[in-house]
Participant: 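I have a structure I would like to understand better, so I am pasting it below and will then ask my questions one at a time.
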Amino acid sequence: MANILDGIKLSKQIKQEIKEEVTEYVQKGHRPPHLSALLVGENGASVTYVDNKIKDCHAVGFRSSLVKLPETVTEEELLQEIKKLNEDDSLDGFIVQLPLPRHIDQEKIIMAIKPSKDVDGFHPENFGKMALEMEGFLPATPFGIMIMLERNHIPTQGKDVVVIGRSRIVGRPMSILMSRKGEPGDATVTLTHSRTKDLEEYTKKADIVITALGVPHFLKASMIKEGAVVVDVGITRVEDPTRERGFYLAGDVDYPEVFEKASWITPVPGGVGPMTRAMLLKNTMLAYTRKFL
Ligand code: GUN
């Protein structure tokens with residue numbers, strides 16, 4: 001039976017810490033931190049994510065603002081909006097919710113975000129700083145996983161870590177963070193993906209498996225070793241007409257069976273997701289406090 005990596009409880013604690021820090025700054029007469037989100041179109045999951053990010057801001061005493069643009073917005077118009085946000089001194093950081101419509105070049109948009117306001121850590125400058133162990137913004141999901149491991153005192157030094165999935169938001173940065181010097185970190189990392197020949201050969205030997213694949217119930221108990229730490233980043237909407245929302249959220253892990261074999265496991269929902277949300281706040285706080293240095 002595994003111990004649960006409870007992302008809800010830990011994220012509440014982190015949000016409380018942030019709230020107290022904000023209160024101190026405001027009591028000293030400073031304006032509160034301010035995060036903005038840019039949302040293009042009406043993708044269901046994206047709308048939910050952005051709504052949650054705004055709720056989180058209010059919960060910790062941040063100001064928030066939302067820029068909503070139609071699905072039909074041109075790349076040029078979107079770049080203009082980003083320019084405004086880059087230049088707005090009342091704003092500490094902002095995010096452009098992904099995915100963007102297909103007619104917009106995502107790379108071009110990310111490149112246009114001012115690195116000092118890129119609280120998602122998606123700009124190549126921040127990504128490069130992460131890889132070089134320089135201070136910058138870490139992408140929220142991998143950052144949240146690092147904090148979760150740290151606060152639960154899960155050792156990573158010298159451990160064999162297998163990351164499944166090489167996305168720019170999760171898998172690849174995760175593999176870099178775990179291989180960096182320090183604790184958590186100092187691990188021996190294998191980054192696996194869709195072209196990996198025999199995935200099981202790697203996962204079976206891993207002390208820590210981090211899966212960010214988006215295939216519901218993919219990781220079975222037979223694919224891990226006894227006592228492994230399992231971190232499930234998958235969060236896929238699976239259609240289910242018996243539920244009010246019409247879907248349920250499924251992780252990449254076959255939870256009931258892996259739970260019996262792992263030493264630690266993240267539930268879905270309630271594991272990595274809330275930590276991701278908390279880390280966006282942490283990055284915004286970082287962007288804000290840098291002004292006082
Ligand atoms: N789409 C899915 N996850 C994320 C995220 O963390 N940030 C942004 N901007 N878009 C996303």
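Atoms within a ligand are numbered from 1 in the order they appear, just like the ligands themselves. FYI, side chains are in, hydrogens and waters are out, and symmetry mates aren't considered; it's all heavy atoms of this structure. In what follows, residues are counted from 1 in the order of the sequence shown.
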Participant: Write out the residue and atom name of the closest protein heavy atom to atom 1 (N) of ligand 1, then the distance separating them to 0.1 Å.
Facilitator: Leu98 O, 2.9 Å
Participant: Ignoring hydrogens and geometry beyond distance, is a side-chain donor-acceptor pair present between Glu20 and Thr23 at under 3.5 Å?
Facilitator: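 There is no such pair (donor and acceptor under 3.5 Å, judged by atom type) between the side chains of Glu20 and Thr23.
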Participant: Given Ile110, Ile95, Asp120, identify the one with the heavy atom nearest to atom 9 (N) of ligand 1.
Facilitator: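 That would be Asp120.
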Participant: Kindly identify the option in Met279, Gln97, Lys53 whose heavy atom sits closest to atom 2 (C) of ligand 1.
Facilitator: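 Shortest heavy-atom distance from atom 2 (C) of ligand 1: Gln97.
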Participant: Strictly by modelled atom types, are Ser64 and His58 linked by a side-chain donor-acceptor pair under 3.5 Å?
Facilitator: yes
Participant: Same cluster for Leu38 and Leu79 if Ile/Leu/Val/Met/Phe/Trp/Tyr side chains link at under 4.5 Å?
Facilitator: yes
Participant: With atoms numbered from 1 as shown, which atoms in ligand 1 lie under 4.0 angstrom from a non-hydrogen atom of Val96?
Facilitator: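 Result: 8 (C), 9 (N).
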Participant: Can you tell me which residue pairs pass the ring pair (Phe, Tyr, Trp, His ring centres under 6.0 Å) test with a partner in residues 270-293, sequence neighbours excluded?
Facilitator: Tyr25-Tyr288, Tyr25-Phe292, His30-Phe292, Tyr288-Phe292
